[in-house]
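This is a predicted model, so every value here is computed, not measured. Values below: all heavy atoms of this structure, side chains included; hydrogens, waters and symmetry mates excluded.
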Amino acid sequence: MQTPFLQSKINTILFTGFVAVTLDISSAIVFLAKGNAEGVLRFIAKGAVGTDALEGGSEMLLLGMVIHFIIAFCFAIGYFVVFPYVPFLRKYKVISGLLYGIFVWAFMRYVVLPMTFNPPGPLTFENAWKNIVILMLAIGLPISLIVHRHDSLRQ
């Protein structure tokens with residue numbers, strides 16, 4: 001009998017990371033950058049290398065994508081690792097996923113971005129709610145649902 005794909009920890013983490021990064025980058029391109037994929041990827045790369053990312057070639061787009069993948073995978077791994085030890089996460093998959101999206105936003109805004117060449121600008125309701133909703137629906141919720149599915153297949 002074949003083992004379901006999501007029964008493996010590694011497969012689950014990889015799948016979760018790919019889903020999260022795809023949904024998040026797509027949402028950012030469509031809803032925040034009005035279709036400017038290059039601008040989004042350069043903005044991400046600018047956080048690591050500064051303004052050179054705005055002038056560089058396709059390597060800066062690749063760098064932006066790689067950085068974005070690393071960040072999304074870190075959040076997927078983080079949830080996966082903590083999940084077995086936090087009863088709230090196990091009991092409330094939708095609420096915990098949405099709350100995780102808010103956590104991701106806060107962590108990025110107050111911990112990660114201040115250490116980059118893209119420090120966050122002034123906090124405004126308009127910018128905050130758009131980013132929070134995207135992270136709730138594109139990162140938090142999918143990660144939670146996939147990790148719950150993995151957990152249910154293992155029992």
Asker: Please report the closest heavy-atom contact between F73 and L14, naming both atoms and the distance.
Answerer: CE2-O, 3.6 Å
Asker: Just wondering, more than 12 heavy atoms not from F43 lying within 6.0 Å of its CZ?
Answerer: no
Asker: Picking from T22, T16, L23, what satisfies side-chain contact (heavy atoms from CB on, under 4.5 Å) with V19?
Answerer: L23
Asker: Which hydrophobic side chains are connected to I134, either touching it within the sub-4.5 Å cutoff or through other members that do?
Answerer: V30, F31, L32
Asker: Is a donor on one side and an acceptor on the other found under 3.5 Å between the side chain of H148 and the backbone of K91?
Answerer: no
Asker: Can you measure from NZ (K130) to CZ (F125) and round to the nearest 0.5 angstrom?
Answerer: 11.0 Å
Asker: Do F18 and F15 sit in one hydrophobic cluster, given that two such residues count as connected whenever their side-chain heavy atoms are within less than 4.5 Å of each other, even indirectly?
Answerer: no
Asker: Between M108 and V104, is a side chain to side chain contact (heavy atoms under 4.5 Å, CB included) present by the stated rule, with each step listed?
Answerer: CA-CA 6 Å; M108 290 299 298; V104 169; 4.3 Å; yes
Asker: Answer with yes or no whether the hydrophobic clustering places I102 together with I95; edges join I, L, V, M, F, W, Y residues whose side-chain heavy atoms lie under 4.5 Å apart.
Answerer: yes
Asker: Checking side chain to side chain contact (heavy atoms under 4.5 Å, CB included) for the pair F83/S96: CA distance, chi angles, key distance, verdict?
Answerer: CA-CA 10 Å; F83 179 81; S96 65; over 6 Å; no
Asker: On a heavy-atom basis, which atom in I29 and which in A37 lie closest, and how many Å separate them?
Answerer: CD1-CB, 3.6 Å
Asker: According to a 4.5 Å side-chain heavy-atom criterion applied to Ile, Leu, Val, Met, Phe, Trp and Tyr, with indirect links allowed, do F75 and I10 form part of one hydrophobic cluster?
Answerer: yes
Asker: For the CG atom on L123, are there more than 12 heavy atoms of other groups (residues, nucleotides or ligands in this structure) within a distance under 6.0 Å?
Answerer: yes
Asker: Show, in sequence, the C-alpha distance, side-chain angles and deciding distance for L135 and D24, and conclude whether the side chain to side chain contact (heavy atoms under 4.5 Å, CB included) test is met.
Answerer: CA-CA 7 Å; L135 292 173; D24 185 48; 3.5 Å; yes
Asker: Does atom CZ of F88 have more than 12 heavy-atom neighbours from other groups under 6.0 Å away?
Answerer: yes
Asker: R42: which residues meet the salt bridge (Lys or Arg N to Asp or Glu O under 4.0 Å) condition with it, sequence neighbours left out?
Answerer: E38
Asker: Can you get from Y79 to V94 by hopping between Ile, Leu, Val, Met, Phe, Trp and Tyr side chains that sit under 4.5 Å apart?
Answerer: yes
Asker: Would one find more than 12 heavy atoms of other residues, nucleotides or ligands at under 6.0 Å from atom CD of E126?
Answerer: no
Asker: Would you say CZ of R109 has more than 12 non-hydrogen atoms from neighbouring residues, nucleotides or ligands within 6.0 angstrom?
Answerer: yes
Asker: Give a yes or no on whether the backbone of W105 and the side-chain of N131 come within a donor-acceptor separation of less than 3.5 Å.
Answerer: no
Asker: Would you name the heavy atoms of V21 and A72 that are closest together and state the gap between them?
Answerer: CB-CB, 3.7 Å
Asker: Determine yes or no for a side-chain-to-main-chain donor-acceptor pair under 3.5 angstrom, with T116 supplying the side chain and L113 the backbone.
Answerer: yes
Asker: So how far is it from I139 CD1 to L98 CG, rounded to the nearest 0.5 Å?
Answerer: 13.0 Å
Asker: Which atom pair, heavy atoms only, marks the closest approach of F117 to G50?
Answerer: CD1-N, 3.3 Å
Asker: Between H150 and K9, is a side chain to side chain contact (heavy atoms under 4.5 Å, CB included) present by the stated rule, with each step listed?
Answerer: CA-CA 8 Å; H150 166 79; K9 289 179 183 182; 4.0 Å; yes
Asker: Report yes if some heavy atom in the side chain of V40 is under 4.5 Å from a heavy atom in the side chain of H68; otherwise report no.
Answerer: no
Asker: What orientation do Y100 and F103 show, parallel under 30°, tilted 30 to 60°, or perpendicular over 60°?
Answerer: parallel
Asker: Could you check whether any side-chain heavy atom of I44 comes within less than 4.5 Å of a side-chain heavy atom of I25, counting everything from C-beta outward?
Answerer: yes
Asker: Verify, without hydrogens or angle tests, whether S144 (side chain) and L141 (backbone) share a donor-acceptor contact under 3.5 angstrom.
Answerer: no
Asker: Side chains of V111 and F107: does their closest heavy-atom pair fall under 4.5 Å?
Answerer: yes
Asker: Can you confirm whether L41 sits close enough to M60 that some side-chain heavy atom of one is under 4.5 Å from a side-chain heavy atom of the other?
Answerer: no
Asker: Would you say R90 and P84 make side-chain contact, with heavy atoms under 4.5 Å?
Answerer: yes
Asker: Would you say L145 ends up clustered with V81 if hydrophobic residues are merged whenever their side chains have heavy atoms under 4.5 Å apart, either directly or through other cluster members?
Answerer: yes
Asker: What distance separates L89 CG from F80 CZ, expressed to the nearest 0.5 Å?
Answerer: 13.0 Å
Asker: Can you check whether T12 reaches I146 side chain to side chain, under 4.5 Å on heavy atoms?
Answerer: yes
